[in-house]
Amino acid sequence: MAENIGGDNGDEVRILAFLCNWCSYAGADLAGVSRFQYPTNVLDVRVMCTGTISPYFVIKAFQEGMDGVLIAGCHIGDCHYLKGNYMTAKRFGVLREALKFLGLEEGRLRLEWVSAAEGEKYAEVIRSFTEEVKALGPSPLRKRAKAGVEA
Amino acid sequence: MAENGSEMNYRLVPSTCVYCGTGCGVLLEVTGDRLSGTLPQKDHPVSKGALCIKGWSVHEFVYSERRLTKPMVRSGEVLVETDWEAALAAVADGLSAARDKHGPDSVGFFASARCTNEENYLLQKLARAVVGTNNVDHCARL
Amino acid sequence: MSDLKSIVREKLRDGADAFLCLKNEEGTVLPALITDADSPDLELVEVGDSRYPLGKILIDLLREYPDKRFAVLVRGCDERALVELSKLEQVDLERLVLVGVACSAEEAAACGCLRPYPSDIALGEKVEAAPGREVIDEVESLSDAERMAWWREQFSRCIKCYGCRNICPMCFCKDCALEEPHLVEPGVIPPDFPSFHIIRALDMTGRCIDCGLCEEACPAGIPLRSLYRKMQDIMEDKLEYRAGESAEERSPLSFLGSEQDIEKLEE
Amino acid sequence: MTNSIAELEDAKVILIVGSNTTEQHPIIGERILAAARKGAKLIVIDPRAIHLSGFAEVFLRPRPGSEVAYLNGLINVIISEGLEDSEFIAARTEGFEELKQAVAEYTPQKVEEISGIPAEDLVAAARIYAGSERASIVYCMGITQHSTGTDNVLSLANLAMLTGNVGKPGTGVNPLRGQNNVQGACDVGGLPNVYTGYQRVDSEEVAKKFEAAWGVEGLSRQPGLTLTEMMDKAARGELKALFIMGENPMVSDPDLGHVREALDKLEFLAVADIMENETLELSHVVLPAASFAEKDGTITNTERRVQRIRKAVEPVGDSRPDWEIVCALARKMGASGFDFTSPEEVFEEIRKVTPSYAGITYKRLGTQGLQWPVPDEDHPGTPILHAESFPIGKGKFTPCEFREPAEMPDAEYPLLLTTGRLLFHYHTGTMTRRSPSLVREIDRAFVEVNPADAAELGIGDGEAVKVSSRRGSVEVNAKVTDKVGKGVIFMPFHFAEAAANVLTNSALDPVSKIPEFKVCSARIET
């Protein structure tokens, strides 16, 4: 899947965004409808709640060649399932530190709270995250052998 | 789960992994009357408390559905179950018949790099002292 | 150790149906379940210096013999394991009698855990811990790229024996993510970097009780214990939790929690 | 092994040749990596890129079958650069001049032509091996399973003696024995030419000794047939009856078509085994044997360490330990001397007739084992062989000339097939393929093909292909990988449904009688 985004232009980075159905996905939709400009090298995965995102999914995304992973959900207090995003916040805080200890740059993993009304914020998050990941370059976790074969 | 009131039994039996020639030290875990797992022997001179995946799972094949559990003799196209007495008599007859008719060197024995020293010793003794042939070898070369 | 022998006998007479401890058989110290105060094995009981995952063994014994009560010899690490396993509903502490043994100064120094003694000490003298942080310090002195290269080199020796998981007293799942083909490609060594080892590190987060059996069982000499210890440091730093310490407080990663937990995080 | 596994960590240089140690002897492989972490330099010589080659100072990838050429080449470089151990050669060896002459023509350039190893890499490897105070050689079937296997081993011995790497800790010529008890099966007389402890059957003195020990007369002084020779005789109708204990020749032996034909011709075939296997369908009687967990006994590992296995549980069903089966059979045939009631009693008899086992008792073995020779009950065992002298006095250099394998690629079969084992499986898979943890990792045969060959043949990764040799063909999936060099393909032989040994050549080494599993010619079609 990963190779379909951003074309095969070498300096493009590939980003996976996990978006919660109720807030951030709607926020992304609003950004589109409102015609806010933001980069296109992002693959969305809609989830019912960011609390369902296993850290394994994030690892898998990096392993499959993503250069950055964004998790965007409802603001704390606004979760459709009341407390789902508490788990997101806790897991994410630990995961980012764990990955950092293994040498993955902190900037490649980002957590944002984006509501259904924040279309502009969504566009801004994508812009700034893409810039940050671009500055970091391709992820060192891309499967090296496989990347070679695919190229 | 054991039945209420049954005797409890949990033991670790020191043994040696039977896959490759490294000879790592394993502890076979027995719960009740069945093998339930494998642990590494911590103070083993070769493996020093480590094992490979084969060592860790060396107990698994013991209860395979493909274990042979009954002696069998051929009847036409099929092998039919029999008792030990009959099976051993059939082997003794088969080997003796060839020896008596064609001489001891018409009989051969494959010993085994998978069996114990004692078993290999007995097999070569059987070949040499009972049948009278040195035709005994095993798959060392394979 | 005659002391241990009399303790085992006493506990068996006091209502424990069996005592899980260690015995010296032909010079090798290994776990033993003693069910009878007159058992000849009683002559062989010994604390010894070989450690085994007694907590993991107990998970199975408690299930296999649901109407039995067990006494168990515990070092600090064994006790932490049982405490954490109890919160994860894998063992029932009510059916267990813990007999604590403190690690000797020599053992504690060689092992380097944070608390080389159980809460109740029946055998041995309490000594304070001398946890080594050399590996963590070394890794943290490196740049991101150097860290990744450092770990990549360590994990490149992995032959996927699963010994770290198999020996771990805290690993009890029936379905293991390490065996999930979408996460870790089967049949390949070394296993995928870094998924195999990150998955384990994440599963150990808020759970690892720092017994170090993983590192002892690793044929490749990978500094797993330091990796998992760092995960506990992160848990403590971010979520004020350290596995195995409190009998009541559960890992914040095992329940949704409250808004206060999040506030801690955002500091 | 002349030396011990634990000593590998003391070596300064380890030369790994024809051994994919990580996959065949995983714990030894990790011991080698531990040595590397302590600063030992690794030299890996293998036709495939293996796990250890990733850690090697020098990795040489020769064409399979060129072993004598490149080993002579290493010796050539060492002598021409004056790196040999002259003191050791003078004190402990003979035949150096002959060796020197024989290897003179194996210059790095010539070796490059034969083996494909770049001349400068060969020189680098020679310098590293000869330049250290303690260098160990570790080898396995990649050396022995050739029609020139004996010459290959002798060449390794030449190399070790040339540099004085014998009889000291962290040195030696160390074959890794494949099966758990291949060492022991040889030690206790499971060979056609020797009784226990390698006592020759054609020696009058030895035969008399065993006649006295066993209370029999007229033991044959005529060496018997090897396994592969028995197969040939069976195929020709000269061997009439065969008793197989714990082997599965219908997967493990070369040229399986020939094996089937041979076993089919037998008037009588009996098999004792723990598991259903491919050989049973040709048997007249099948005896169910107990597994290692269901019996007592001893096995001997690759470093000559005799170790105990212990009965943990009762045998499944009506199965019985092989030792009981053989005793019962012997008694059935009217023999005396088989009234043993335990393996320990059998062992007591073994040590009476076997000088190298004389000092071993079950009690002494405990949980640590003992390394033979153990001549008496006070002897601590022998971790290092040949410390003071060789069995024949001085070590003799044996010059070897390079010969091509029995079958080489040609127009019809243009690829060179080599075979081996995987980490997750064992031999014919009768045990590992019944083990869920191992089956989960991998349970299918494959053939490794170099990307260049794959491109030429139009084969994609994972594609089903037919691999054929002059002896047969099998269908497997291709794995396109640069682990193998161009022109070479590799198959694991564990999988009966796509058995590599349908393809392999049964050509034998003239001395060791080991088949040439590691080289035959083959072709691939989609």
Side-chain angles (χ1 to χ4, degrees), chain B residues 13-16 18-23 28 30 35 45-47 52 57 60-62 64 66-74 87-88 90-92 94-95 98 102 106-124 126 129-130 134-135 137-142, chain D residues 25-27 177 179-182 184-185 188-190 192 201 214 216 220 224-227 230 240-247 252 268 270 275-276 284-286 288 291-293 297-298 301-302 307 309-310 312 316-317 322-323 326 330 332-333 335 343 346 350 367 426 431 434-435 437 514:
Chain B
V13 181
S15 192
T16 308
V18 288
Y19 282 119
C20 77
T22 308
L28 296 176
V30 181
L35 282 179
V46 175
S47 48
C52 77
S57 49
E60 287 183 2
F61 70 84
V62 172
S64 160
R66 299 194 55 186
R67 278 293 300 274
L68 296 169
T69 56
K70 294 271 185 209
M72 292 183 283
V73 293
R74 182 161 299 281
L88 287 168
V91 180
L95 299 181
H102 308 284
S106 70
V107 182
F109 291 84
F110 286 5
S112 176
R114 315 297 295 153
C115 291
T116 64
N117 291 328
E118 291 78 358
E119 289 159 347
N120 281 294
Y121 174 79
L122 289 169
L123 191 73
Q124 59 96 37
L126 172 69
V130 182
N134 284 314
N135 289 345
D137 196 12
H138 68 282
C139 71
R141 300 171 177 85
L142 311 181
Chain D
H25 299 86
I27 295 299
R177 308 305 303 260
Q179 312 260 359
N180 66 321
N181 199 31
V182 61
V188 299
V201 297
W214 290 345
V216 294
S220 169
L225 302 171
T226 65
L227 189 145
M230 282 190 250
K240 305 289 187 185
L242 185 60
F243 182 89
I244 301 180
M245 174 174 83
E247 297 219 355
S252 66
F268 182 74
M275 208 75 87
E276 290 173 14
H284 299 96
V285 182
V286 174
S291 75
F292 81 111
T298 60
N301 82 349
T302 186
Q307 308 196 86
I309 61 166
R310 287 175 177 79
V316 299
D322 287 294
W323 68 269
V326 177
K332 200 77 168 166
M333 293 177 77
V346 181
I350 295 175
T367 56
Y426 203 75
M431 289 148 70
R434 319 289 171 244
S435 175
S437 302
I514 297 180

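Because only heavy atoms are used, hydrogens play no part in the values below, and waters and symmetry mates are left out as well, while side chains stay in.
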Do the side chain of [X] and the main chain of [Y] share a donor and acceptor less than 3.5 angstrom apart?
X       : Y       : answer
T116(B) : E119(B) : yes
R114(B) : Y19(B)  : yes
S112(B) : G246(D) : yes
E118(B) : G297(D) : no
S106(B) : A98(B)  : yes
E247(D) : I244(D) : no
Q307(D) : G23(B)  : yes
N301(D) : T22(B)  : yes

Can you tell which part of [X] gets under 4.5 Å to a heavy atom of chain D, answering side chain, backbone, both or neither?
X       : answer
L88(B)  : both
V30(B)  : side chain
V130(B) : side chain

Can you tell which part of [X] gets under 4.5 Å to a heavy atom of chain B, answering side chain, backbone, both or neither?
X       : result
F243(D) : both
M230(D) : side chain
A312(D) : both

Looking at [options], which has the largest count of heavy-atom pairs under 4.5 Å with chain D?
options                         : result
R66(B), Q124(B), M72(B)         : R66(B)
L35(B), N117(B), L28(B), V91(B) : N117(B)
P45(B), S47(B), P71(B)          : P45(B)

Quiz item: Pick from T367(D), V286(D), I309(D), T302(D): which one has the most heavy-atom pairs with chain B under 4.5 Å?
Solution: V286(D)
Quiz item: Looking at T298(D), D322(D), L225(D), which one has more heavy-atom pairs under 4.5 Å with chain B than the rest?
Solution: T298(D)
